[in-house]
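Below is one structure, written out as structure tokens, with a few remarks after it.
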Number of protein chains: 2
Amino acid sequence: MARVGIREVATLAEVSMGTVSHYINHPARVSPEKRERIQRAIEQLGFVRNNAAYQLRLGRSAAIAYIAPDVSNPFFATIAEGVEQQAAAAGLSVFIANSNRSRQREDAYLEMFEAHRVQGMLVASHDPIEERLESIRQRGTPIVLVGQRGASPDQPSVSIDDVRGGYLAAKHLIEHGRKRIAFVGGPLGIRQVADRLEGASNAIREADDVTLEVLNVPDRTIVDGRDIARVIARRSPETRPDAIFAVNDLLALGILQTLVNEQSIEVPREIALVGYDDIEFGEASIIPLTSVRAPHEEFGIAAVELLINELAETPAAGSKQVVFEPILVVRESSGGTIGAPRA
Amino acid sequence: MARVGIREVATLAEVSMGTVSHYINHPARVSPEKRERIQRAIEQLGFVRNNAAYQLRLGRSAAIAYIAPDVSNPFFATIAEGVEQQAAAAGLSVFIANSNRSRQREDAYLEMFEAHRVQGMLVASHDPIEERLESIRQRGTPIVLVGQRGASPDQPSVSIDDVRGGYLAAKHLIEHGRKRIAFVGGPLGIRQVADRLEGASNAIREADDVTLEVLNVPDRTIVDGRDIARVIARRSPETRPDAIFAVNDLLALGILQTLVNEQSIEVPREIALVGYDDIEFGEASIIPLTSVRAPHEEFGIAAVELLINELAETPAAGSKQVVFEPILVVRESSGGTIGAPRA
DNA sequence: CCCGCAGTTTGATACGTTTCAGTACCGGCA
DNA sequence: TGCCGGTACTGAAACGTATCAAACTGCGGG
């Protein structure tokens with residue numbers, strides 16, 4: 001398969017390479033007659049512009065990257081959708097990469113996208129990542145942090161107030177008379193996890209008589225939820241928690257499923273359950289799931305807007321950090337009122 | 001920010017460009033002393049290799065692309081995970097793109113990835129797409145079709161036997177005594193949808209006394225499911241279907257949720273429900289969902305393997321089309337035995 | 001009749017990298 | 001001493017494109 005470039009097209013159409021290039025990028029500058037000849041040559045040869053050369057010449061690409069820790073978590077998938085949509089409107093393409101919760105793969109993608117000279121990146125990560133991003137930013141690739149607030153005010157970010165979210169969840173459980181609350185979450189090294197726990201602790205501290213226990217899970221997936229639920233079920237009813245606050249909905253759903261279907265523990269009577277993120281599937285789960293909600297769709301949109309602003313010659317002033325207020329969506333799993341309408 | 005390339009590094013380290021390049025690609029060929037100097041220069045200048053130039057020179061990239069119609073459908077997300085994992089093992093990076101069920105965006109991404117000279121593409125699409133892919137393949141970018149079987153035997157593909165899957169689903173409902181089955185699915189122009197319907201029709205034809213009705217939805221999302229469920233609920237109990245076969249789990253979950261929570265229709269007593277894909281959330285839904293399952297994880301893995309084989313100098317002989325056998329996973333929503341174990 | 005101008009077209013150059021064909025040096029062997 | 005083989009390094013060419021300055025075309029006005 002002979003490589004076909006602009007040169008071959010030019011030869012076949014009997015014009016110069018420059019004219020072909022003009023035809024591709026500024027068709028108006030080329031006479032109708034040659035336009036026709038060039039178009040025919042392109043089709044005949046099956047010419048496709050070589051992006052590498054294009055980018056090399058231009059020095060930039062028309063794409064942005066979105067690095068997610070776990071695409072199969074609908075929370076990140078929904079964000080991806082907002083990103084995609086908003087970026088398309090701005091004429092940008094989006095490369096999505098899945099780091100699979102692996103720091104190593106995350107680094108690899110960061111490096112790769114920087115080498116690709118993407119216009120900018122949106123990074124959702126569990127790790128404290130800001131330091132690593134700093135050097136990339138300094139070299140000229142703007143980055144918006146997604147899901148965790150930038151520590152430095154210069155670091156743009158889109159996040160939710162997780163301390164507040166954790167507070168709302170625990171407060172709600174306490175108000176319904178729960179006394180032994182378990183916080184099921186991942187490594188406390190993860191900022192989001194630590195913040196949600198902090199919020200929950202604050203709520204506990206305001207109450208009398210309520211204890212908070214922390215149960216660790218490694219990956220915060222459905223499978224992790226199932227596993228920890230079995231551990232909990234093994235304990236005697238008196239020592240078991242009477243409420244669980246799971247650090248995300250995946251965990252909560254895994255817990256719910258195992259508790260109800262496998263362990264025959266009643267939710268919310270025996271154990272009340274609150275999740276986090278309010279993914280779409282929570283509403284349709286065995287027992288509709290109470291959850292802390294942030295506006296996912298807007299998450300992606302806001303992130304892209306922040307990035308585009310950063311890309312502008314003269315970034316608009318104002319805070320670069322968007323923080324959404326979490327809302328508690330009460331459903332059956334926590335023993336609250338049933339069927340609260342969805343936004 | 002001064003652009004920093006291999007040349008600047010070479011100058012600072014007082015070696016030639018060639019040596020720097022060697023250092024990056026074949027460190028062994030460079031003496032320890034210069035290695036040290038070059039490394040220091042790279043760090044000092046913050047050099048990052050320009051992928052455009054790299055690729056231009058090499059003529060290829062080390063990435064493959066996966067185009068999905070809907071990332072927020074866990075079915076495609078799970079595939080993405082398998083793809084990512086298998087590709088990483090082969091030293092390839094994966095660009096995921098979300099076409100958002102839009103043919104236009106799909107085309108845009110196809111074109112863009114071809115221009116990017118990715119090694120190959122995995123394309124999951126709802127449209128009959130093979131013809132468009134043909135020209136791309138002829139120009140040298142191999143493509144593996146995901147989720148729909150290639151019509152031409154030359155077109156590699158990974159799919160499930162959807163006719164069989166549809167048959168299994170309908171047969172199951174018939175065996176449980178259902179008489180008025182509704183097929184809820186998208187445009188019949190979509191191959192997967194048409195095949196599943198065909199399978200269902202076959203099962204109906206074998207039975208006496210059973211009717212099949214087709215209810216159309218545009219997008220096959222949870223929201224579509226909710227909408228169609230309201231339409232169904234509006235009909236009198238006698239004219240309503242007593243069983244629904246939804247063309248995917250998203251639809252099924254939307255239907256389930258609305259039927260049970262909002263319309264107070266009992267599932268499976270009044271209406272039995274079977275979905276398709278067996279996404280993880282089906283097991284944890286209000287009423288655990290009976291579904292037709294294909295091994296998702298292996299889907300992505302098989303696709304990458306097929307692609308890698310295609311990439312090889314001498315592709316191994318044998319069929320290029322992997323077809324998985326669907327399995328019916330029976331849970332409560334269809335009135336079958338409860339709690340069938342998960343593979 | 002010539003000049004200037006707008007509209008087209010051309011040819012050359014640069015983008016940043018890898019690689020190929022050498023050059024320089026060194027130690028060992030005939 | 002002269003030659004060989006190997007290692008470490010260098011310089012230049014090439015990858016495919018966009019763009020800039022220059023050249024060529026008609027054409028209308030002075």
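Since the model is a prediction, treat every value here as computed from it, not as a measurement. Letters A, B, ... are given to chains in the order of the sequence lines, protein chains preceding strands, and every chain is numbered from 1.
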Q: Consider the side chain of A:R57, meaning its heavy atoms from C-beta on, and name the nucleotide among D:dA18, C:dT19, C:dT8 that approaches it most closely.
A: D:dA18

Q: Answer yes if the side chains of A:Y66 and A:E84 hold a donor-acceptor pair under 3.5 Å, and no otherwise.
A: no

Q) So, A:E134 and A:R137, do they make that salt bridge, N to O below 4.0 Å? A) yes

Q: Check DNA chain D against residues 14-22 of chain B and give the residues with a non-hydrogen atom under 4.0 Å, in numerical order.
A: B:V15, B:S16, B:T19, B:H22

Q: To the nearest Å, give me how far apart CZ (B:R117) and P (D:dG16) are.
A: 9 Å

Q. Between D:dT17 atom P and A:Y54 atom OH, what is the distance in whole Å?
A. 12 Å

Q: May I ask you to verify if any side-chain N or O of A:N25 is less than 4.0 angstrom from the OP1 or OP2 atom of D:dA18?
A: yes

Q. Rounding to a whole Å, what distance do you find between A:E33:CD and D:dT25:P?
A. 15 Å

Q: Establish, from distance only, whether the side-chain atoms of A:R60 and A:Q55 form a donor-acceptor pair under 3.5 Å.
A: no

Q: May I have the distance from B:Y23 (atom OH) to C:dG16 (atom P), rounded to whole angstrom?
A: 21 Å

**Q.** Candidates D:dT17, C:dG16, D:dG16 - which lies nearest the side chain of A:R3
**A.** D:dG16

(Q) I need the CD-C1' distance between A:Q55 and C:dC15, as an integer number of Å. (A) 12 Å

Q: Before accepting this row, confirm whether a basic side-chain N of the pair A:E106/A:R101 lies closer than 4.0 Å to the acidic partner's carboxylate O.
A: no

(Q) If you assign A:R29 and B:N50 each to the DNA chain C nucleotide with the nearest heavy atom, which residue ends up on the more 5' nucleotide? (A) A:R29

Q. Parallel, tilted or perpendicular: which describes the rings of B:F113 and A:F95, with under 30° parallel and over 60° perpendicular?
A. parallel

Q. Quick one: which of C:dT9, C:dT17, C:dT19 gets closest to the side chain of B:H26?
A. C:dT19

Q.
Tell me the interatomic distance from B:I42, atom CD1, to C:dT17, atom C1', rounded to whole angstroms.
A. 13 Å

Q: From the options D:dT17, D:dC9, D:dG16, select the nucleotide whose nearest atom is closest to the side chain of B:S31.
A: D:dC9

Q: May I ask you to evaluate whether A:K34 reaches the phosphate of C:dT8, defined as a side-chain N or O under 4.0 Å from OP1 or OP2?
A: no

Q: Would you mind classifying the nucleic acid contact of A:L58 as base, sugar-phosphate or nothing, using non-hydrogen atoms under 4.0 angstrom?
A: sugar-phosphate

Q: Check the distance between C:dT8's P and A:I38's CD1 and give it to me in whole angstrom.
A: 13 Å

(Q) Among residues at least two apart in sequence or on other chains, which ones pass side chain to side chain donor-acceptor pair (under 3.5 Å) with B:E305? (A) B:Q86

Q | Distance in angstrom units between B:R49 CZ and C:dT19 C1', rounded | A | 14 Å

Q: Classify the ring geometry between A:F76 and A:H126 as parallel (under 30°), tilted (30 to 60°) or perpendicular (over 60°).
A: perpendicular

